Amino acid sequence: MPELPEVETIRRGLVRAVIGLKLLSVETDNPKKFLGVDKDIVGARIKKVWRRAKVLIIDFDNGNSLLIHLKMTGQLIFEDKKGKRIKGGHPIPPLNLPVPNKSTHAIFKFDGGVMYFNDIRKFGWLLITLTSEISNLSFFVGLGPEPLEKEFNKKKLKEILTLKKNLKIKPVLLDQKVLSGIGNIYADESLFLAKIHPEERIVSLNDADLGALYDGIVTALKTGIKHKGASDSSYVDLGGEKGVFLTYANVYHRTGMECTYCKTKIERIVVGGRGTHFCPNCQKKKHIC
DNA sequence: CACTTGACCTGTCCGC
DNA sequence: TGCGGACAGGTCAAGT
């Protein structure tokens, strides 16, 4: 479930914790999901930490980068030389999840601390490659725009959605080649804010709907970042702390609970094979499909 | 060709 | 209580 806000929260933690550190060693027990040659980054220092879609990218000062995709259950935990973790300033107590543990699949030792990669379901992947080659990776080719970038606006959203006009809106929001960074949680929340039914065909959305959708996407993602992400099971930030976004969610995982706006009971359906939460009163379908 | 479904994994939750 | 099965969600491959 790490989506854009969760990955961005971890990225910000990494910027605080690991910039300038020298990598001393790498261990992994899951080489199938750890591609590239670790020697290419051992001995180098971290120069920059950035993000594209849901992928974290750590640039080293020797022209190589470490890419990390957390997929559903991936976690990164950093402890400094004294075993201390960074604090996210959360209103809830830290979990103090011990590391390493049985889902730890990679350990990065630095001159200033240790970074653990945990992944219960082993869907995540790590890749070491030349920084200059990143944009040529198959994963990055064709990736849609970053929804929070300045260049992205209502006009762009309309342009890219129009190409998919016969499809239901929610699966398109999840398509990383259309827009990058949105996952199941923020797709549902964005559609609620825009008052659009998740099964609405794009063709039947008017300019006002698309404008509201743009605003909904931006608001949902920014609110997610503000609350350090959404933790419904295993997501934690770099300090091992949960995000609290779901406390503020309007529909996600609120099946049977009252809509925050109209008190109608939130419903759960399956759209494009994904659990989908919406308010049947606030998000009425325009046409019967 | 465009779109939908299943596989990848494992921990958690629900019902019998 | 114990066990089995459904379910969770990101992405790619396979299927329709």
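Side chains included, hydrogens not; waters and symmetry mates left out as well; all remaining heavy atoms used. Worth saying up front: this structure is predicted, and the values here are computed from it rather than measured. In what follows, chains are A, B, ... by sequence order, proteins preceding strands, each numbered from 1.
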Handout entry: Sequence neighbours excluded, every pair satisfying ring pair (Phe, Tyr, Trp, His ring centres under 6.0 Å) that has a member inside residues 141-177 of chain A
Key = Phe152(A)-Tyr214(A)
Exercise for the section: Report yes if at least one side-chain N or O of Lys33(A) is closer than 4.0 Å to OP1 or OP2 of dC9(B); otherwise report no. Expected result: no
Exercise for the section: May I ask you to verify if any side-chain N or O of Arg274(A) is less than 4.0 angstrom from the OP1 or OP2 atom of dT5(B)? Expected result: no
Handout entry: d(CG, Leu179(A); P, dG10(C)) in whole Å
Key = 15 Å
Problem - Set of residues satisfying side chain to side chain donor-acceptor pair (under 3.5 Å) with respect to Asn118(A), sequence neighbours excluded - result: Gln75(A), Thr104(A)
Exercise for the section: Check the geometry between Phe123(A) and dC8(B) and answer yes if their rings are stacked (centres below 5.5 Å, planes below 30°), otherwise no. Expected result: yes
Exercise for the section: Output the rest of the hydrophobic cluster of Leu193(A): all Ile, Leu, Val, Met, Phe, Trp and Tyr residues reachable through side-chain heavy-atom contacts under 4.5 Å, sorted by chain and number. Expected result: Phe192(A), Val251(A), Tyr261(A), Ile266(A)
Handout entry: C1' gap between dG6(B) and dA6(C), integer Å
Key = 16 Å
So which protein nitrogen or oxygen atoms get under 3.5 Å of nucleotides 10-13 of chain B's nitrogens or oxygens?
from, atom 1, to, atom 2, distance (Å)
dT10(B), OP1, Lys122(A), NZ, 2.9

Handout entry: Summary of ring pair (Phe, Tyr, Trp, His ring centres under 6.0 Å) pairs that have at least one residue in residues 126-146 of chain A, sequence neighbours excluded
Key = His69(A)-Phe139(A), Trp125(A)-Phe139(A)
Exercise for the section: For Gly273(A), answer base if it contacts any base atom (sugar-phosphate contacts may also be present), sugar-phosphate if it contacts only those atoms, and nothing otherwise; contact means non-hydrogen atoms under 4.0 Å. Expected result: nothing
Problem - Co-members of Val203(A) in a cluster of I, L, V, M, F, W and Y side chains, linked at under 4.5 Å - result: none
Practice task
Would you please name every residue forming a side chain to side chain donor-acceptor pair (under 3.5 Å) with Thr219(A), sequence neighbours left out?
Solution key: none
Exercise for the section: Report which part of the nucleic acid Leu167(A) touches: base, sugar-phosphate, or nothing (heavy-atom distance under 4.0 Å, all strands). Expected result: sugar-phosphate
Problem - d(NZ, Lys170(A); C1', dT4(B)) in whole Å - result: 15 Å
Handout entry: Nearest-angstrom distance from the residue atom CG of Asn30(A) to P of dC8(B)
Key = 15 Å
Practice task
Might you point out which heavy atoms bring Asp119(A) and Gly74(A) nearest each other, and give the distance in Å?
Solution key: OD1-N, 3.5 Å
Practice task
Taking only the side-chain nitrogens and oxygens of Lys165(A), find out if one of them lies under 4.0 Å from OP1 or OP2 of dC3(B).
Solution key: no
Problem - Nearest-Å distance once atom C1' is located in both dG10(C) and dC13(B) - result: 22 Å
Fill in the blank from the handout: Leu126(A) CG to dG10(C) C1', in whole Å, measures 15 Å
Practice task
With P as the reference atom in both, quote the distance from dC12(C) to dG11(B) in angstrom, rounded to an integer.
Solution key: 25 Å
Practice task
Using the side-chain hydrogen bond (donor to acceptor under 3.5 Å, both in side chains) rule, collect all pairs that involve residues 40-57 of chain A, keeping only residues at least two apart or in two chains.
Solution key: Glu8(A)-Arg51(A), Arg45(A)-Asp111(A), Trp50(A)-Asp59(A), Arg51(A)-Glu146(A), Arg52(A)-Glu146(A), Arg52(A)-Ser180(A)
Problem - Under-4.0 Å side-chain N/O to phosphate OP1/OP2 contact, Gln176(A) with dG10(C) - result: no
Practice task
Please list, chain by chain and in numerical order, all residues satisfying side chain to side chain donor-acceptor pair (under 3.5 Å) with Lys156(A), sequence neighbours excluded.
Solution key: none
Practice task
Write down the distance separating the P atoms in dT5(B) and dC7(C), rounded off to the nearest Å.
Solution key: 15 Å
Handout entry: Thr28(A) side chain to Asn30(A) side chain, donor-acceptor N/O pair below 3.5 angstrom
Key = no
Practice task
If you link ILVMFWY side chains whenever their heavy atoms are less than 4.5 Å apart, which other residues fall into the same cluster as Ile269(A)? By chain and number, please.
Solution key: Val271(A), Phe278(A)
What's touching nucleotides 12-16 of chain C from the protein side, N or O pairs under 3.5 Å?
none

Handout entry: NZ/Lys22(A): more than 12 non-hydrogen atoms of other groups inside 6.0 Å
Key = no
Fill in the blank from the handout: Separation of dC7(C) atom C1' from Tyr252(A) atom OH, nearest Å, is 11 Å
Exercise for the section: Provide, to the nearest angstrom, the distance between the CG atom belonging to Asp175(A) and the C1' atom belonging to dT4(B). Expected result: 12 Å
Handout entry: Phosphate OP1/OP2 of dG10(C): any His69(A) side-chain N/O under 4.0 Å
Key = no
Exercise for the section: Taking Watson-Crick and G-U wobble pairs with both distances under 3.5 Å, convert DNA chain C into its dot-bracket string, 5' to 3', dots for unpaired and | for cross-strand pairs. Expected result: .|||||||.|||||||
